[in-house]
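Residue numbers begin at 1 in each chain, while the letters A, B, ... track the order of the sequences. Atoms considered below: every heavy atom in the structure, side chains included; atoms not considered: hydrogens, waters and symmetry mates.
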Number of protein chains: 2
Amino acid sequence: MTELTARRAATRERLVDAAVVVFAEKGVLGAAVEEICEAAGFTRGAFYSNFTSKDDLCVELLQRNYELQMAALDQAIAGIDAAPTSNLDDLIARTLDMFFAAQPEGRHWVLASQELRLHAARSPEFAPAYRRFTDQGTLRVAETIRSVVQALGYELTTSGPAAIGLLHAVHEYGTLGSLIGSGTLEGGYKERLLAEVLRTLVRPSSTTVR
Amino acid sequence: MTELTARRAATRERLVDAAVVVFAEKGVLGAAVEEICEAAGFTRGAFYSNFTSKDDLCVELLQRNYELQMAALDQAIAGIDAAPTSNLDDLIARTLDMFFAAQPEGRHWVLASQELRLHAARSPEFAPAYRRFTDQGTLRVAETIRSVVQALGYELTTSGPAAIGLLHAVHEYGTLGSLIGSGTLEGGYKERLLAEVLRTLVRPSSTTVR
DNA sequence: GCCTTCCGATACAGAACTGTATTGAATACG
DNA sequence: CGTATTCAATACAGTTCTGTATCGGAAGGC
């Protein structure tokens, strides 16, 4: 698509990776361009030669994140056992695996994701770019989960995106809660709740599986 | 408890109110002390005379928020129709009213709440203070909802805090989503989802209502 | 009404960050 | 190879923010 030397691509990647860490620690607006460059082992010269602004880098970060997660999702699909099952627990477990494959992992990524989401909520300039990747990702995950559920002999009780939204909400809340160390959330809280929620989102398929 | 002149109290309040706005726009770490003071119509002299640091002000903000929401909750309780009902929709509506009473409202408060939550997740120094208010609030809301549900002839299917966590997760996600303007979330999405979730969280009481 | 105490404004010195213009070293190419 | 080009480092000038020390006016006590 774009002409990019290997050197340049590597620089951009290092900067983006560093941004994840710094965003996680300081937030998008609290992160100084200088700090990101330092974390990546560059000076600002490298930054301004590759990006026009911090928001510009944020978009690249979204893109990278999107691609990595879709790749992980594809891999998870390839590895799934596609035989229909009458065991609901089985279905739940396999479906959640799909979902988790498309979620950020590790403290830095989790925090950075939330920071980006919040940045989109407060910045009208950034929001469109954020929506672009998020909506597309949600649709793809929804479609994937819908087809997995169907292959296993079940169907969703609600629209795909609504189901994903619900899972996403619980996942985010629980993950952040465990980082904060909230006392009202016991261990395994998130997993249990997700399984329970998912149980209400599927039912045995009314139509015969082809 | 603490000796505080009226003048001082007013200054602190104005600073805290201003902080909500600036935090919403810039995030906790992106907000300059200077900026908060300016928004409140003071200079930094006032700030450092009243607070030792930005985190110190954050704690005061948590406290204020907690007290306002608990007061709103108390008021909501007072206004509720306590007659048992066999109409589930009725129950759902009244229970959600309780819950909403204890949620922040308005763009600034919503964003600031999220910023504080994220700040707690990344800052070990701030997290304990955040937990203190959050856990206490969750317990109080949980207990309130539990007793309302019971008075109406139903019971919760899960622990109070777990139920509140689930509602809270969906509420936050939906609210932020509507600020971002996500395309996969149609209007009324949040309310519909909350009602549906709540439906799975209650069942007719097995024991007789006293 | 005067005097004391309080408390926010001002002054200050330094640190951190910004974006740009220029330079020099690495890389690619003929 | 040597030369042209690319790209990150450096130099620069300006702005913003920090926390503290000091000052002066307003509030409250006698």
Side-chain angles (χ1 to χ4, degrees), chain A residues 1-61 63-64 112 115 119 122-123 125-126, chain B residues 1-61 63-64 112 115 119 122-123 125-126:
Chain A
M1 193 178 178
T2 33
E3 314 274 329
L4 216 57
T5 65
R7 187 193 183 189
R8 215 167 169 71
T11 301
R12 290 172 75 93
E13 186 172 325
R14 271 171 64 194
L15 282 170
V16 168
D17 287 346
V20 171
V21 176
V22 179
F23 284 168
E25 276 163 5
K26 301 288 185 69
V28 174
L29 267 56
V33 168
E34 175 112 52
E35 211 173 353
I36 297 171
C37 296
E38 198 183 357
F42 291 108
T43 63
R44 272 169 308 134
F47 181 92
Y48 286 108
S49 158
N50 278 281
F51 302 99
T52 63
S53 66
K54 204 156 59 176
D55 268 17
D56 188 17
L57 176 139
C58 284
V59 173
E60 175 106 348
L61 172 46
Q63 167 114 34
R64 245 177 92 65
E115 294 286 358
H119 187 51
R122 74 182 154 226
S123 160
E125 290 100 58
F126 182 62
Chain B
M1 194 183 184
T2 33
E3 314 274 330
L4 216 57
T5 64
R7 187 190 183 192
R8 216 169 168 70
T11 301
R12 291 173 74 94
E13 187 172 325
R14 271 171 63 193
L15 282 169
V16 168
D17 287 346
V20 171
V21 176
V22 180
F23 285 168
E25 274 162 7
K26 302 287 185 71
V28 174
L29 270 71
V33 169
E34 176 110 51
E35 213 174 352
I36 297 171
C37 296
E38 199 182 356
F42 290 109
T43 64
R44 270 171 307 134
F47 181 92
Y48 286 109
S49 157
N50 278 281
F51 302 99
T52 64
S53 65
K54 204 157 59 178
D55 268 18
D56 188 16
L57 175 140
C58 284
V59 173
E60 174 106 346
L61 173 46
Q63 167 113 34
R64 243 176 95 65
E115 293 286 359
H119 187 50
R122 74 183 155 224
S123 161
E125 291 100 59
F126 182 61

Sugar-phosphate means primed atoms, P, OP1 and OP2; the rest is base. With that split, encode nucleotides 20-30 of chain D 5' to 3' as B, S or - using protein heavy atoms under 4.0 Å. B----------
Length of the line joining [X]:[atom1] and [N]:[atom2], which is rounded to integer Å:
{"X": "A:E34", "N": "C:dA16", "atom1": "CD", "atom2": "C1'", "result": "8 Å"}
{"X": "A:F42", "N": "D:dA9", "atom1": "CZ", "atom2": "C1'", "result": "11 Å"}
{"X": "A:D56", "N": "C:dT18", "atom1": "CG", "atom2": "C1'", "result": "17 Å"}
{"X": "A:F47", "N": "C:dT18", "atom1": "CZ", "atom2": "P", "result": "9 Å"}
{"X": "A:E38", "N": "C:dT18", "atom1": "CD", "atom2": "C1'", "result": "15 Å"}
{"X": "B:K54", "N": "D:dC17", "atom1": "NZ", "atom2": "C1'", "result": "10 Å"}
{"X": "B:F51", "N": "D:dT18", "atom1": "CZ", "atom2": "C1'", "result": "18 Å"}
{"X": "A:I36", "N": "C:dA16", "atom1": "CD1", "atom2": "P", "result": "17 Å"}

Evaluate the side-chain proximity of B:F23 to B:L57: yes if any heavy-atom separation is below 4.5 Å, no if none is.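 Yes, close enough: below the 4.5 Å cut-off.
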Please name the pair of heavy atoms, one in A:F47 and one in A:S53, separated by the smallest distance, quoted to 0.1 Å.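 Nearest heavy atoms, A:F47 then A:S53: CZ-O, 3.6 Å.
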Please walk me through it: do A:L29 and B:E115 pass side-chain contact (heavy atoms from CB on, under 4.5 Å)? CA-CA 12 Å; A:L29 267 56; B:E115 293 286 359; over 6 Å; no
With sequence neighbours excluded, tell me which residues meet side-chain hydrogen bond (donor to acceptor under 3.5 Å, both in side chains) with B:R44.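 Partners of B:R44 under the side-chain hydrogen bond (donor to acceptor under 3.5 Å, both in side chains) test: none.
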Enumerate, atom names and distances included, each donor-acceptor pair closer than 3.5 Å involving a side-chain atom of residues 9-19 of chain A, sequence neighbours excluded.
from	atom 1	to	atom 2	distance (Å)
A:T11	OG1	A:R7	O	3.1
A:R12	NE	A:E60	OE2	3.4
A:R12	NH1	A:N50	O	2.8
A:R12	NH2	A:E60	OE1	2.9
A:R14	NE	A:A40	O	3.3
A:R14	NH2	A:A40	O	2.7
A:D17	OD1	A:R64	NH2	3.1

Where at least one partner belongs to residues 21-36 of chain B, residue pairs that pass side-chain hydrogen bond (donor to acceptor under 3.5 Å, both in side chains), sequence neighbours excluded: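 Pairs touching residues 21-36 of chain B that pass the test: B:K26-B:E35.
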Which nucleotide sits closest to the side chain of [X]: [options]?
{"X": "A:S49", "options": "D:dT18, D:dA9, D:dC7", "answer": "D:dC7"}
{"X": "A:T11", "options": "D:dA8, C:dC7, D:dT18", "answer": "D:dA8"}
{"X": "A:T43", "options": "C:dT18, D:dT10, D:dA8", "answer": "D:dT10"}

Can you list the steps and then say if B:F126 with B:V59 is a side-chain contact (heavy atoms from CB on, under 4.5 Å)? CA-CA 8 Å; B:F126 182 61; B:V59 173; 4.2 Å; yes
For DNA chain D, whose closest nucleotide is more 5', that of A:R12 or that of B:A32?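 It is A:R12, whose closest nucleotide lies nearer the 5' terminus.
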Reckon B:N50 has a side-chain N or O less than 4.0 Å from the OP1 or OP2 of C:dC7?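 No, B:N50 has no side-chain N/O under 4.0 Å of OP1/OP2 on C:dC7.
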Would A:H119 and A:D55 count as a side-chain contact (heavy atoms from CB on, under 4.5 Å) if you check the C-alpha gap in whole Å, the side-chain angles of each, and the deciding distance to 0.1 Å? CA-CA 10 Å; A:H119 187 51; A:D55 268 17; 3.1 Å; yes
DNA chain C contacts made by residues 13-29 of chain B, counting heavy atoms under 4.0 Å: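 Residues of residues 13-29 of chain B under 4.0 Å from DNA chain C: none.
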In chain order, what residues pass the side-chain contact (heavy atoms from CB on, under 4.5 Å) check against A:Q63, with sequence neighbours excluded?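 Per chain and number, A:Q63 pairs via side-chain contact (heavy atoms from CB on, under 4.5 Å) with A:E67, A:F133.
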